[in-house]
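Read through the structure below, which is laid out as structure tokens, and then see the notes.
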Amino acid sequence: MALLSIIRYPDTRLHTVAKPVTVVDERIQTLIADMLETMYEANGVGLAATQIDVHERLIVMDISEGRDDPLVLINPKMLWTSPEKHLNEEGCLSVPGIYDGVQRHDTIKVEALDRDGKARLIEAEGLLSVCIQHEMDHLMGKVFVEYLSPLKRNRIKSKLQKAQREGRVANKV
């Protein structure tokens, strides 16, 4: 396994729309293992392949208390969202140190392949629902700060660009 570099906002590669995974093979299995290792090392709860400059529809996450119950979603497709929404405090491994409120659906239904390539239906609420929606946004080329006002977004962009220039934000985990 290997630690992967996480792309940092405002890198334009984060706006690339991911293509479907065509076959769940050894390459994808290695990518899943590397993404999980990278996510755990960075203390994240989710990571989309887009964030590591692989533009395929692949997400890994683990919201468990013990950090021992990984969930893999390959080619996730949103089937249903509840009309009810809540404001949730979100952060992102691609936007280090920044947290802000984003409106997300309370409950969702998603269809995806698991790490073995088997189809599964996931009904999610709470943190799992928020995490899935956040990571699926990445696959569509959207970063959570895009839900914020232009003023907040520009402040965040400037702050992160300055930190990168000063070498305070590493590009690797």
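This structure is a prediction, so every number in the text was calculated from the model and none was measured. Heads up: numbering here begins at 1 and tracks the sequence.
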(message) Side chains of Gln133 and Ser129 only: does a donor on one sit below 3.5 Å from an acceptor on the other?
(response)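 Yes, a side-chain donor-acceptor pair sits under 3.5 Å.
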(request) Can you see which heavy atom on Val60 is nearest to which on Met39, and at what distance? (result)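 Nearest pair, atom of Val60 first, then Met39: O-SD, 3.8 Å.
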(request) Look at Arg104 together with Asp137 and state whether they make a salt bridge at an N to O cut-off of under 4.0 Å. (result)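 Judged by the 4.0 Å cut-off on N to carboxylate O distance, Arg104 and Asp137 do form a salt bridge.
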(message) Between Asp53 and Arg13 (salt bridge meaning N to carboxylate O under 4.0 Å), is one present in this structure?
(response)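 Yes.
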(message) Would Lys152 pass as a cation-pi partner of Tyr147, given that its NZ or CZ must be under 6.0 Å from the six-membered ring centre and within 45 degrees of the axis?
(response)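 No, Lys152 and Tyr147 do not form such a contact.
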(request) Check the pair His86 / Val130 against side chain to side chain contact (heavy atoms under 4.5 Å, CB included), numbers first and verdict last. (result) CA-CA 10 Å; His86 276 92; Val130 170; over 6 Å; no
A quick test of your reading: do over 12 heavy atoms of other residues, nucleotides or ligands sit less than 6.0 Å from [atom1] of [X]?
| X | atom1 | value |
| --- | --- | --- |
| Glu146 | CD | yes |
| Arg155 | CZ | no |
| Glu89 | CD | yes |

Do you reckon [X] sits in the same ILVMFWY cluster as [Y], going by side-chain contacts under 4.5 Å, direct or chained?
| X | Y | answer |
| --- | --- | --- |
| Met35 | Leu73 | no |
| Tyr40 | Ile63 | no |
| Met61 | Leu93 | no |
| Met136 | Phe144 | no |

Roughly how far, to the nearest 0.5 Å, is [atom2] of [Y] from [atom1] of [X]?
| X | Y | atom1 | atom2 | answer |
| --- | --- | --- | --- | --- |
| Glu26 | Leu31 | CD | CG | 12.5 Å |
| Ile52 | His138 | CD1 | NE2 | 12.0 Å |
| Ile156 | Leu151 | CD1 | CG | 9.5 Å |

(message) Let's go through Met78 and Val110 carefully: what are the C-alpha distance in whole Å and the side-chain angles of both, what is the deciding distance for side chain to side chain contact (heavy atoms under 4.5 Å, CB included) to 0.1 Å, and is it a yes or a no?
(response) CA-CA 5 Å; Met78 190 69 68; Val110 175; 3.8 Å; yes
(message) Less than 4.5 Å apart, side chain to side chain, heavy atoms only: is that true for Gln51 and Thr38?
(response)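 No - every pair of side-chain heavy atoms lies 4.5 Å or more apart.
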(message) Using side chain to side chain contact (heavy atoms under 4.5 Å, CB included), reason through Leu4 and Leu47 one step at a time and then give a plain yes or no.
(response) CA-CA 11 Å; Leu4 306 168; Leu47 184 66; 5.8 Å; no
(message) Tell me whether Asp62 contacts the main-chain N or O of Asp68 through its side chain, where contact means a donor paired with an acceptor under 3.5 Å.
(response)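 Looks like yes, one N/O pair under 3.5 Å.
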